[in-house]
S.K.: 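Okay, here's the structure, questions in a sec.
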Amino acid sequence: DGGITQSPKYLFRKEGQNVTLSCEQNLNHDAMYWYRQDPGQGLRLIYYSQIVNDFQKGDIAEGYSVSREKKESFPLTVTSAQKNPTAFYLCATRDGGNSPLHFGNGTRLTVT
Amino acid sequence: SQQGEEDPQALSIQEGENATMNCSYKTSINNLQWYRQNSGRGLVHLILIRSNEREKHSGRLRVTLDTSKKSSSLLITASRAADTASYFCAPILGGGANNLFFGTGTRLTVIP
């Protein structure tokens with residue numbers, strides 16, 4: 001069954017701790033994306049990757065880091081430098097520049 | 001901003017009525033995509049309309065595109081309670097992996 005798996009669904013962390021969100025895909029798509037969604041603000045792009053071992057910053061990359069060591073995986077680390085990390089994080093993949101995005105079901109991160 | 005802007009921000013209708021959502025954008029596009037998001041879930045692609053198309057249908061969905069006005073509309077006919085969700089348009093601006101931008105969406109509530 002093809003798809004995108006984000007884990008965990010809910011994540012709670014104390015302020016000052018780094019946390020890594022997982023995104024795995026078996027769609028064989030080259031491009032992968034991380035978005036952040038806050039209430040009433042739509043989706044904002046954090047990072048994206050077009051191929052293994054390469055990634056680019058999106059609009060709000062500060063305080064985040066990523067890696068792309070395998071085609072199937074694109075983990076996102078929310079570092080302690082991110083001033084307001086509590087949000088809903090969505091991972092997506094894409095098969096070509098004009099094709100639709102495929103989304104996972106998100107991870108809701110709460111930092112207290 | 002290059003993002004699509006949806007209007008209205010929120011829409012509440014009775015089951016069986018039609019729902020119309022509008023999207024405006026600012027630059028030339030290759031195509032425009034509409035997505036749906038149920039609460040707490042990832043986005044799901046609904047329909048893609050190319051820049052040389054004026055209208056497209058998919059089941060109860062009808063999408064129009066007016067490139068001269070830089071606008072698109074999504075019509076859901078004979079709405080159902082299960083259509084309750086947020087709907088986003090995403091103009092696709094050209095080549096490259098970072099060519100898709102989301103607005104803040106229209107929150108549709110269908111009252112049974």
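Here is how names work: the chains are called A, B, and so on, in the same order as the sequence lines, proteins then strands, and each is numbered from 1.
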S.K.: Under the rule for ring pair (Phe, Tyr, Trp, His ring centres under 6.0 Å), what residues qualify as partners of B:His45, not counting sequence neighbours?
M.R.: B:Tyr35
S.K.: Please determine whether residues A:Ile60 and A:Tyr35 belong to a single hydrophobic cluster, defined as Ile, Leu, Val, Met, Phe, Trp and Tyr linked transitively by side-chain heavy-atom distances below 4.5 Å.
M.R.: no
S.K.: Is A:Arg44 close to chain B through its backbone or its side chain, or both, or neither, when contacts mean heavy atoms under 4.5 Å?
M.R.: neither
S.K.: Does B:Ile49 belong to the same Ile/Leu/Val/Met/Phe/Trp/Tyr cluster as B:Phe88, with side-chain heavy atoms less than 4.5 Å apart forming each link?
M.R.: no
S.K.: Compare every heavy atom of B:Asn31 with every heavy atom of A:Asn98, then report the nearest pair and how far apart it is.
M.R.: O-ND2, 3.3 Å
S.K.: Surrounding NZ of A:Lys9 (heavy atoms of other residues, nucleotides or ligands, distance under 6.0 Å), is the total greater than 12?
M.R.: yes
S.K.: Between B:Gln9 and chain A, with a heavy-atom cut-off of 4.5 Å, which part of the residue counts as in contact: side chain, backbone, both or neither?
M.R.: neither
S.K.: Quick check on the hydrophobic clustering: are A:Ile4 and A:Trp34 connected, directly or via other members, by side-chain heavy-atom contacts under 4.5 Å?
M.R.: no
S.K.: Calculate, to the nearest 0.5 Å, the distance between atoms CZ and CG belonging to B:Phe102 and A:Leu45 respectively.
M.R.: 9.5 Å
S.K.: Count the heavy atoms belonging to other residues, nucleotides or ligands that lie under 6.0 Å from CD of A:Glu62, then report whether that count exceeds 12.
M.R.: no
S.K.: Working to the nearest 0.5 Å, report the span between OG1 of B:Thr104 and CD of A:Gln37.
M.R.: 10.5 Å
S.K.: Under a 4.5 Å heavy-atom cutoff, which of B:Gly42, B:Gly40, B:Gly103, B:Gly105 has the most pairs with chain A?
M.R.: B:Gly42
S.K.: Taking B:Leu65 as the starting point, is it possible to reach B:Trp34 by hopping between hydrophobic residues whose side chains are less than 4.5 Å apart?
M.R.: yes
S.K.: I'd like to know whether CZ of B:Arg50 has more than 12 heavy-atom contacts from other residues, nucleotides or ligands below 6.0 angstrom.
M.R.: no
S.K.: Under 4.5 Å, heavy atom to heavy atom, which residues of residues 13-22 of chain B contact chain A?
M.R.: none
S.K.: Count the heavy atoms of every other residue, nucleotide or ligand shown that sit under 6.0 Å from CZ of B:Arg80, and state whether that count exceeds 12.
M.R.: no
S.K.: Any link between B:Ile29 and B:Tyr87 through a network of hydrophobic side chains (Ile, Leu, Val, Met, Phe, Trp, Tyr) touching at under 4.5 Å?
M.R.: yes
S.K.: Measuring from A:Leu101:CG to B:Ile92:CD1, what's the distance to the nearest 0.5 Å?
M.R.: 7.0 Å
S.K.: Which heavy atom of A:Leu90 sits nearest a heavy atom of B:Arg41, and at what distance?
M.R.: CD2-O, 4.3 Å
S.K.: Tell me, for A:Ser99 versus chain B, whether the close heavy atoms (under 4.5 Å) come from the side chain, the backbone, both or neither.
M.R.: backbone
S.K.: Is B:Leu43 in contact with chain A via its backbone, its side chain, both, or neither, using a 4.5 Å heavy-atom distance?
M.R.: both
